[in-house]
Undergrad: 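Structure in structure tokens, see below.
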Amino acid sequence: MHTWPAPSLPTIPGRGLAVHVRDSLTGALVLGSPGPVATLYVCGITPYDATHLGHAATYIAFDLLHRAWLDAGLEVSYASNVTDVDDPLLERAAQTGVDWEQLALEQTALFAQDMTALAVLPPHTYLGAVETIPTVVSTVERLLAGGQAYRVPVEPGAGGSRPDLGDVYADVSVDPAVGHVEGLDHDETVALFGERGGDPDRAGKRDPLDPALWRRERPGEPSWDGGVLGTGRPGWHIECTVIAEQALGASFDVQGGGRDLCFPHHEMSAAHARALGAPGARAHVHTGMVGLGGEKMSKSLGNLVLVSVLREQGVDPMAIRLAVLAHHYREDWDWTDEVLATAQRRLERWRSAVSGNGGPDAGSTVEAIRTALADDLDAPSALRAVDTWCDASLSVGGDVIGAPGVLARSVDALLGVRV
Ligand code: 5CA
Ligand code: ZN
């Protein structure tokens with residue numbers, strides 16, 4: 001999978017602080033990475049209707065982490081995936097009468113353009129589900145051989161020339177950590193599993209929460225050679241387990257994504273890693289949900305504001321980025337015209353404040369940005385620090401030659417906002 005071009009990163013004086021992030025599983029603020037190489041896996045898109053503001057907010061949040069780690073002197077290894085074959089993509093292709101591969105290609109390309117415009121640093125490893133199939137197959141074979149997975153017979157007509165080889169499911173009962181979603185009883189957990197891509201009612205499973213690892217060939221669905229598993233396609237959670245391990249090793253620093261991925265996706269993905277003897281992510285970090293009109297923005301609901309549409313309307317991507325950064329990443333918030341208008345005014349003000357040669361000293365502002373980001377990526381506080389410098393620059397001015405340049409380069413390097 002091709003990534004997008006990396007934005008240039010200006011060098012700035014000084015060094016960032018060690019970054020702490022909130023681990024969703026424990027609720028604790030933890031050191032993001034002990035270094036010297038910080039490892040990050042962020043769940044990528046399912047390319048059927050990209051890139052809405054919710055996606056943008058999630059990738060911008062982890063881009064802040066990436067930038068803060070670099071500023072702190074760490075080397076960063078960042079991996080992400082593209083779920084370029086899965087039920088929702090195939091369903092959308094079937095509904096709209098387009099070829100699923102074409103849809104995935106177009107939407108992946110559009111996502112890359114949006115990420116470029118939003119100055120998101122690209123992942124170092126970027127893998128699609130389809131290109132990872134051989135590794136998924138050998139991994140599922142290992143789980144079957146180890147007794148952590150089992151076959152479920154398929155319905156008549158499924159399974160191609162080997163209908164006797166069933167679908168493969170992970171046995172979650174071997175992992176007592178699975179299925180205890182905070183605040184939900186068992187039935188509610190099962191219902192949530194069903195809403196988020198699971199198939200709790202599938203006959204023949206040992207437990208309603210068992211997720212598919214390998215889905216056998218079905219009429220009208222794409223399928224690939226699965227060796228002893230038979231023809232089919234990968235389950236969703238194992239895709240991320242395999243790609244993260246392949247890119248970052250058995251243990252890595254942070255697994256990220258939107259909060260909608262907490263359960264079942266990240267929980268199941270972590271359970272698969274444990275079943276394979278790998279510790280997986282040291283911390284799970286989740287972003288809040290961006291909504292529109294009070295409801296979560298989602299491809300399935302169709303209440304989307306697309307980055308590409310805003311760009312076509314002439315909206316400066318840096319204003320979109322500032323609109324996102326005005327909210328703490330863990331917050332749930334609604335995209336509104338007012339949110340965008342406020343960000344546009346802020347961007348204009350910042351641009352006019354850095355337009356001179358001289359200004360107030362920027363050193364303490366740069367440190368304030370660093371301090372805010374090190375404290376669980378507190379972007380709103382970082383923006384307020386920049387506002388304060390801009391207010392001073394525009395009202396009283398200052399005589400430190402080069403200060404506006406230092407501030408502009410710092411805002412670019414740390415916040416990804418080009419002023
Ligand atoms: N391909 C899978 C992950 S392996 C997937 O969830 N794809 S996605 O296209 O549906 O979402 C891509 C990323 O955007 C995920 O991290 C998801 O949690 C996040 N996301 C989706 N909707 C929103 C939203 N409304 N607000 C914030 N983040 C969101
Ligand atoms: Zn994922």
Undergrad: For the pair His266 and His286, evaluate ring-ring contact (aromatic ring centres under 6.0 Å, His included) and give the outcome as yes or no after the intermediate values.
TA: CA-CA 10 Å; His266 286 167; His286 290 107; 4.9 Å; yes

Undergrad: Just one of Val307, Leu306, Val305 clears the side chain to side chain contact (heavy atoms under 4.5 Å, CB included) bar with Val309, so which one?
TA: Leu306

Undergrad: Is there a donor-acceptor contact under 3.5 Å from the side chain of Glu267 to the main chain of Gly179?
TA: yes

Undergrad: Glu245 and Thr241: side chain to side chain donor-acceptor pair (under 3.5 Å), yes or no, with the steps?
TA: CA-CA 6 Å; Glu245 182 172 359; Thr241 314; over 6 Å; no

Undergrad: Please determine whether side chain to side chain contact (heavy atoms under 4.5 Å, CB included) holds for the pair Lys205 and Asp199, giving the CA-CA distance in whole Å, both sets of side-chain angles, and the decisive distance to 0.1 Å.
TA: CA-CA 10 Å; Lys205 292 205 299 183; Asp199 53 356; 3.0 Å; yes

Undergrad: Do NZ/NE/NH1/NH2 and the carboxylate oxygens of Asp71 and Arg67 come within less than 4.0 Å?
TA: no

Undergrad: Looking only at heavy atoms, what is the nearest atom pair of Ala362 and Trp389, with distance?
TA: CA-NE1, 3.8 Å

Undergrad: So which atom in Arg218 and which in Arg216 form the shortest heavy-atom distance, rounded to 0.1 Å?
TA: NH1-O, 2.9 Å

Undergrad: Under the 3.5 angstrom rule, does the side chain of Asp376 hit a backbone N or O of Arg22 as a donor-acceptor pair?
TA: yes

Undergrad: Does one side chain, of Ser173 or Asp207, offer a donor that lies under 3.5 Å from an acceptor on the other?
TA: no

Undergrad: Check the surroundings of atom CG in Asp337: do more than 12 heavy atoms from other residues, nucleotides or ligands lie under 6.0 Å from it?
TA: no

Undergrad: What I want to find out is whether Glu217 reaches Arg162 closely enough, with some N-O distance under 4.0 Å, to be called a salt bridge.
TA: no

Undergrad: Taking atom types as modelled, find out whether Asp23 and Thr26 have a side-chain donor-acceptor pair closer than 3.5 angstrom.
TA: yes

Undergrad: Please check this pair: side chain of Arg151 against backbone of Gly166, looking for a donor-acceptor N/O pair closer than 3.5 Å.
TA: no

Undergrad: Can you tell me if Thr39 and Ser77 form a side-chain donor-acceptor pair at under 3.5 Å?
TA: no

Undergrad: Give a yes-or-no answer on whether the side chains of Thr139 and Arg142 include a donor-acceptor pair shorter than 3.5 Å.
TA: no

Undergrad: So, for Tyr59 and Val120, which heavy atoms are closest and what is the spacing to 0.1 Å?
TA: O-CG1, 4.2 Å

Undergrad: Give a yes-or-no answer on whether the side chains of Thr336 and Asp334 include a donor-acceptor pair shorter than 3.5 Å.
TA: no

Undergrad: Are Asp316 and Arg311 close enough for a salt bridge, meaning some N to O gap below 4.0 Å?
TA: no

Undergrad: Among side-chain atoms of Arg259 and Ser24, is any donor-acceptor pair under 3.5 angstrom?
TA: no

Undergrad: Parallel under 30°, tilted from 30 to 60°, perpendicular over 60°: which one fits the rings of His52 and His55?
TA: parallel

Undergrad: Over all heavy atoms of both residues, which pair between Ala343 and Ala323 is shortest? Give the atoms and the distance, please.
TA: CB-N, 3.5 Å

Undergrad: Under 3.5 Å, is there a donor-acceptor pair between the Thr132 and Gln246 side chains?
TA: no

Undergrad: Does the ring-ring contact (aromatic ring centres under 6.0 Å, His included) test come out yes or no for Tyr41 and Phe62, once each step is laid out?
TA: CA-CA 9 Å; Tyr41 183 87; Phe62 292 101; over 10 Å; no

Undergrad: Could you walk me through whether Ser308 and Gln113 pass side chain to side chain donor-acceptor pair (under 3.5 Å), step by step?
TA: CA-CA 8 Å; Ser308 50; Gln113 288 166 19; over 6 Å; no

Undergrad: Over 60° means perpendicular and under 30° means parallel, so classify the ring planes of His265 and Trp236, tilted if in between.
TA: parallel

Undergrad: Determine whether the side chains of Glu338 and Thr342 contain a donor N or O and an acceptor N or O closer than 3.5 Å.
TA: yes

Undergrad: Is it true that Asp49 and Gln107 share a donor-acceptor pair across their side chains at a distance under 3.5 Å?
TA: no

Undergrad: Name the one of Leu377, Leu373, Val42 that satisfies side chain to side chain contact (heavy atoms under 4.5 Å, CB included) with Leu65?
TA: Leu377

Undergrad: Between Asp412 and Ser410, does any side-chain donor sit less than 3.5 Å from a side-chain acceptor?
TA: no

Undergrad: Shortest non-hydrogen contact from Ala271 to Val178?
TA: CB-CG2, 3.5 Å

Undergrad: Mind checking whether Trp4 and Tyr126 have parallel, tilted or perpendicular rings, split at 30° and 60°?
TA: perpendicular

Undergrad: Using a 3.5 Å distance criterion without hydrogens, assess whether the side chain of Arg370 forms a donor-acceptor pair with backbone atoms of Leu17.
TA: no

Undergrad: Could you report the tightest heavy-atom contact between Ala275 and Leu143, atom names first, then the distance?
TA: CB-CD2, 3.7 Å

Undergrad: Carefully, step by step, assess Leu209 and Phe263 under the rule side chain to side chain contact (heavy atoms under 4.5 Å, CB included).
TA: CA-CA 11 Å; Leu209 292 180; Phe263 178 85; 4.2 Å; yes

Undergrad: Classify the side-chain pair Trp100/Asp84 by whether it contains a donor and acceptor separated by less than 3.5 Å.
TA: no

Undergrad: Angle class for the His124/Tyr78 ring planes (parallel below 30°, perpendicular above 60°, tilted otherwise)?
TA: perpendicular

Undergrad: Among Val315, Leu322, Val339, find the one that has a side chain to side chain contact (heavy atoms under 4.5 Å, CB included) with Gln344.
TA: Val315

